[in-house]
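First up is the structure itself, then whatever we jot down about it.
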Amino acid sequence: MTVQLAPSVLNADFARLADEAAVVADVADWLHVDVMDGHFVPNLTVGLPVVESLIKHATLPIDCHLMIEEPDRWAPGYAEAGAGNVTIHAEAASSPVRTLRAIRAAGARAGLAINPATAVEPYAHLVGEFDMLLLMTVEPGFGGQHFLDLVLPKIRRARELVGGRDSSIWLQVDGGVTEETIARCAEAGADVFVAGSAVYGAADPAAAVTDLRKIAARAWGPSEPG
Ligand code: DX5
Ligand code: ZN
């Protein structure tokens, strides 16, 4: 498994999303889109119509992070629209198994997310039902928050639960991931890194992605080229 970078457009210019996506198209692996409904989190961003348009204009696959209530109702629509990955929150899903299966059936990778205060162990038996586990490293809702080091032991336990470093199940971290914190995440076992303000707040977002990748790859271990 190689490390992957998923810039979050939450800190990009929402009126120029296609251009902002293009800026990182040659250096990133995914474009992370934070869908917030003003209920599950105290912030409101974009929904399916904007994601549908972005899918048409962006060359990177879209990584949809749904911070919404009733993901069981809404998540399959994002997969049907052509998102490459759709992640739902365990705290919000009433029927996570059915919803994760519906996401996969619609042709997308299925992700399960948990907040900093949510334990990973209760979801260990669902490992066969998702392609990626997202561990929030801030409370969800806003970009630019400080990374919560208290999540690091959970990243280590999650890495064991998904089957070690050769697992086909990806382990994503999201929130406060910067040049200062990304190495700690990779050492703990994360392999997919969301970065919002560290990329779109940088003078050169593409260079920021390349720098983050280098630091993560070095920390991930000797098997990682680059
Ligand atoms: C926060 C979002 C993140 C956010 C990360 O709830 O899920 O994806 O964009 O932004 P930074 O990297 O600035 O913490
Ligand atoms: Zn996110």
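In each ligand, atom 1 is the first atom listed, and ligand 1 is the first ligand listed.
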Filtering Gly143, Gly201, Gly176, Ala12 for the heavy atom nearest atom 14 (O) of ligand 1 leaves Gly176
Kindly identify the option in Asn43, Val199, Val138, Asp174 whose heavy atom sits closest to atom 7 (O) of ligand 1.
-> Asp174
Qualifying residue, where the test is side-chain hydrogen bond (donor to acceptor under 3.5 Å, both in side chains) with Asp191 and the options are Arg159, Arg165, Gln172 = Arg159
State whether the number of non-hydrogen atoms from other residues, nucleotides or ligands found under 6.0 Å of Asp204 atom CG is greater than 12.
-> yes
Which ligand 1 atoms, with their elements, are less than 4.0 angstrom from a heavy-atom of His32?
-> 8 (O)
Counting from 1 in the order shown, the ligand 1 atoms closer than 4.0 Å to a non-hydrogen atom of Val194 are 8 (O)
Ligand 1 atoms nearer than 4.0 angstrom to some heavy atom of Gly175 are 14 (O)
For ligand 1, is there an atom lying under 4.0 Å from some heavy atom of Phe147?
-> no
The single option from Ile114, Asn115, Val41 that satisfies side-chain contact (heavy atoms from CB on, under 4.5 Å) with His89 is Asn115
Considering only heavy atoms, does Ser197 approach ligand 1 within less than 4.0 Å through its side chain, its backbone, both, or neither?
-> both
Ligand-side contact atoms (ligand 1) for residue partner Met67, heavy atom cut-off under 4.0 Å = 6 (O), 7 (O)
Can you find an N or O of Gly196 that's nearer than 3.5 Å to an N or O of ligand 1?
-> yes
Hydrophobic cluster identity match, Val23 and Val194, side-chain contacts under 4.5 Å = no
Hey, is ligand 1 close enough to Val177 that some N/O pair sits below 3.5 Å?
-> no
Side-chain donor/acceptor of Thr99 to backbone N/O of Ile88, under 3.5 Å | no
Taking atom types as modelled, find out whether His32 and Asp34 have a side-chain donor-acceptor pair closer than 3.5 angstrom.
-> yes
Under 4.0 Å from one or more heavy atoms of Ala195, ligand 1 contributes atoms 12 (O)
What atoms of ligand 1 come within less than 4.0 Å of a heavy atom belonging to Pro140?
-> 6 (O)
May I have the step-by-step check of side-chain contact (heavy atoms from CB on, under 4.5 Å) for Tyr123 and Leu133, ending in yes or no?
-> CA-CA 10 Å; Tyr123 302 97; Leu133 184 61; 5.6 Å; no
Mind checking whether Val86 and Met136 sit in one hydrophobic cluster, side chains of I, L, V, M, F, W, Y counted as touching below 4.5 Å?
-> no
Take the Zn ion (ligand 2) as the vertex and measure to ND1 of His65 and OD2 of Asp174; round to 10°.
-> 90°
Measure the shortest side-chain to side-chain distance between Arg184 and Ile155 over non-hydrogen atoms and say whether it is less than 4.5 angstrom.
-> no
Using a cut-off of 6.0 Å, state whether more than 12 heavy atoms not belonging to Arg98 lie near its atom CZ.
-> no
At a 4.0 Å cut-off, with the gap strictly under it, does some heavy atom of Ala198 reach an atom of ligand 1?
-> no
Distance-only N or O hit between ligand 1 and Asp34, under 3.5 Å | yes
Would you mind listing which atoms of ligand 1 come within a distance below 4.0 Å of any non-hydrogen atom of His65?
-> 7 (O)
Can you find an N or O of Gly141 that's nearer than 3.5 Å to an N or O of ligand 1?
-> yes
Counting from 1, what ligand 1 atoms have a heavy atom of Phe142 closer than 4.0 Å?
-> 1 (C), 6 (O)
Looking at ligand 1, does any of its N/O atoms fall within less than 3.5 Å of an N/O of Gly144?
-> yes
Cluster question for you: counting only ILVMFWY and a side-chain heavy-atom cut-off of under 4.5 Å, with indirect links fine, are Leu152 and Val3 together?
-> yes
Where the Zn ion (ligand 2) is the vertex, angle from His32 NE2 to Asp34 OD1 to 10° = 90°
Arg101, CZ: over 12 other non-hydrogen atoms inside 6.0 angstrom = no
Say whether Asn85 and Thr87, considering side chains only, have a donor N or O and an acceptor N or O under 3.5 Å apart.
-> yes
Residue, atom name and distance, where the atom is the protein heavy atom closest to atom 9 (O) of ligand 1 = Ser8 OG, 2.8 Å
